[in-house]
Amino acid sequence: MRGKLITFEGVEGAGKSTHAKLLADWLKNEAGLEVISAREPGGTHTGEIIRGILQYDAAKEPLSDNSEALLFCASRAQLCASVISPALERGAWVVLDRFTDSTLAYQGYGRGFDLATLRAINDFATGGLKPDLTVLIDVSLEEGFRRVAQRNTGKDRIESASMDFHRRLYFGYRQIEAFEPSRFFRVDGTMSMDDVSNCIVKEICARFGVGVQ
Ligand code: Z5A
């Protein structure tokens with residue numbers, strides 16, 4: 001049986017990496033499933049090189065908005081072809097820290113690119129692959145930035161964009177969710193880590209009939 005693709009989305013500092021890992025651990029250790037985890041951009045050798053260009057100006061020249069959009073999708077295309085599709089086909093579950101909705105939110109609502117064009121580029125990159133479930137972790141921009149600042153690793157290229165850019169993409173996630181409500185599970189990311197994690201596991205069990213082995 002084909003595996004499931006679960007994606008995590010939200011603003012910076014929402015808790016995506018934390019909860020993607022907690023879910024992947026639960027699926028492996030409690031539900032006994034084969035699980036592949038990856039982050040975007042990245043997750044392959046090519047994708048990690050692209051990540052360096054996108055986040056830390058590794059190419060040492062200003063990146064145009066068009067190049068930015070295409071590079072996110074190039075990283076995704078490589079990840080889909082070499083990791084996600086083969087894993088799903090052999091029945092593994094794939095848990096992703098960001099996927100196609102990030103492009104719609106950041107490059108679409110944030111940068112102002114046409115959403116239909118971005119959807120077409122996303123489909124080209126993924127071969128039309130859609131998540132079985134997208135967990136949208138909801139925290140305010142202020143809370144997300146507070147958490148990121150506590151981490152004290154300095155701001156990357158996209159984190160340094162204007163507050164208006166971040167407000168647009170925060171609102172964008174709501175629009176994307178409204179467009180396909182049944183694919184999304186929105187969870188209040190300001191609850192304790194245990195409560196957020198338990199809500200996500202409960203939703204996965206209810207939707208897909210998996211449970212503790
Ligand atoms: N981007 C794009 O523009 N277009 C695209 O198509 C794609 C991406 C795929 C990737 O950055 C950047 O690329 C991102 C979008 C853009 N832009 N920015 N900026 P990244 O991968 O380096 O970072 P991120 O995706 O924004 O994630 P993040 O900043 O690492 O945040 P997070 O993963 O959501 O949060 P976290 O690391 O799990 O948690 C943050 C802190 O909060 C940490 O200390 C946790 O212990 C804490 N935490 C987590 N949950 C809780 C709860 N429930 N309570 C309290 N504290 C918590």
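Counting convention: from 1, in listed order, for ligands and their atoms alike.
Those atoms of ligand 1 with a heavy atom of T18 less than 4.0 angstrom away are 36 (P), 38 (O), 39 (O), 45 (C), 49 (C). The atoms of ligand 1 that sit less than 4.0 Å from any heavy atom of R151 are 28 (P), 29 (O), 30 (O), 37 (O). Below 4.0 Å from some heavy atom of Q107 lie the following atoms of ligand 1, by number and element: 2 (C), 3 (O), 4 (N), 5 (C), 6 (O). Less than 4.0 angstrom separates some heavy atom of G189 from each of these atoms of ligand 1: 52 (C), 53 (N). Atoms of ligand 1 lying under 4.0 Å from any heavy atom of R76, numbered from 1 in the order shown and given with element: 6 (O), 9 (C).
Contact check on D97 versus K21 returns no salt bridge, with no Lys/Arg side-chain nitrogen under 4.0 Å from an Asp/Glu carboxylate oxygen. Between E48 and R39 a salt bridge is recorded (basic side-chain N to carboxylate O distance below 4.0 Å). Salt bridge D123/R119: absent, no basic N to carboxylate O contact under 4.0 Å. The pair R90-E34 meets the salt-bridge criterion, since a charged nitrogen lies less than 4.0 angstrom from a carboxylate oxygen. Under 4.0 Å is where a charged nitrogen must lie from a carboxylate oxygen, and between E142 and R146 no such pair does.
A single hydrophobic cluster is not seen to contain both I50 and F124; linkage of ILVMFWY side chains at heavy-atom distances under 4.5 Å, directly or through other members, places them apart.
There is a protein heavy atom less than 4.0 angstrom from atom 53 (N) of ligand 1. Atom 30 (O) of ligand 1 lies below 4.0 Å from at least one non-hydrogen atom of the protein. At least one protein heavy atom sits closer than 4.0 Å to atom 5 (C) of ligand 1.
Ranking protein heavy atoms by distance to atom 42 (O) of ligand 1, first place goes to R147 CD, 3.2 Å. Of the protein's non-hydrogen atoms, the one nearest atom 19 (N) of ligand 1 is E12 OE2, 2.7 Å. Of the protein's non-hydrogen atoms, Q55 NE2, 3.3 Å is the one closest to atom 11 (O) of ligand 1. Atom 17 (N) of ligand 1 has I158 CG2, 3.5 Å as its closest protein atom, hydrogens excluded (heavy atom only). The protein non-hydrogen atom at the shortest distance from atom 35 (O) of ligand 1 is G15 N, 3.1 Å. In terms of protein heavy-atom proximity, atom 46 (O) of ligand 1 is closest to M193 CE, 3.4 Å.
Checking only distances, E40 never comes within under 3.5 Å of ligand 1, N or O to N or O. Checked by distance only, ligand 1 and F99 stay at 3.5 Å or farther apart across all their nitrogen or oxygen atoms. The shortest N or O to N or O distance between T103 and ligand 1 is below 3.5 Å. Where the criterion is an N or O separation shorter than 3.5 Å, residue side chain and backbone included, H166 fails it with respect to ligand 1. Of the N or O atoms in F72, none lie within a sub-3.5 Å distance of an N or O in ligand 1.
Smallest separation of non-hydrogen atoms from L129 and R2: CD1-NH2, 3.4 Å.
Shown here is F171, whose CZ atom has no more than 12 heavy atoms of other residues, nucleotides or ligands within 6.0 Å.
Between G13, G10, S75, it is G13 that holds the heavy atom closest to atom 40 (C) of ligand 1. Proximity annotation for atom 33 (O) of ligand 1: of G47, P41, G42, S17, S17 comes nearest, heavy atoms only. For atom 21 (O) of ligand 1, the choice among M191, R98, K16, R51 with the nearest heavy atom turns out to be R51.
Between V11 and H166 the shortest side-chain heavy-atom distance does not fall below 4.5 Å.
Residue contacts with ligand 1 for R39 are absent, since no atom lies close enough (heavy atoms, distance under 4.0 Å).
Of the options T103, T100, T126, a side-chain hydrogen bond (donor to acceptor under 3.5 Å, both in side chains) to R76 is made by T103 and by none of the others. Test V139, V196, D138, N198 against V187 for side chain to side chain contact (heavy atoms under 4.5 Å, CB included) and you get one pass: V196.
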### Query
Between S102 and E9, is a side-chain hydrogen bond (donor to acceptor under 3.5 Å, both in side chains) present by the stated rule, with each step listed?
CA-CA 7 Å; S102 286; E9 295 283 355; 2.6 Å; yes

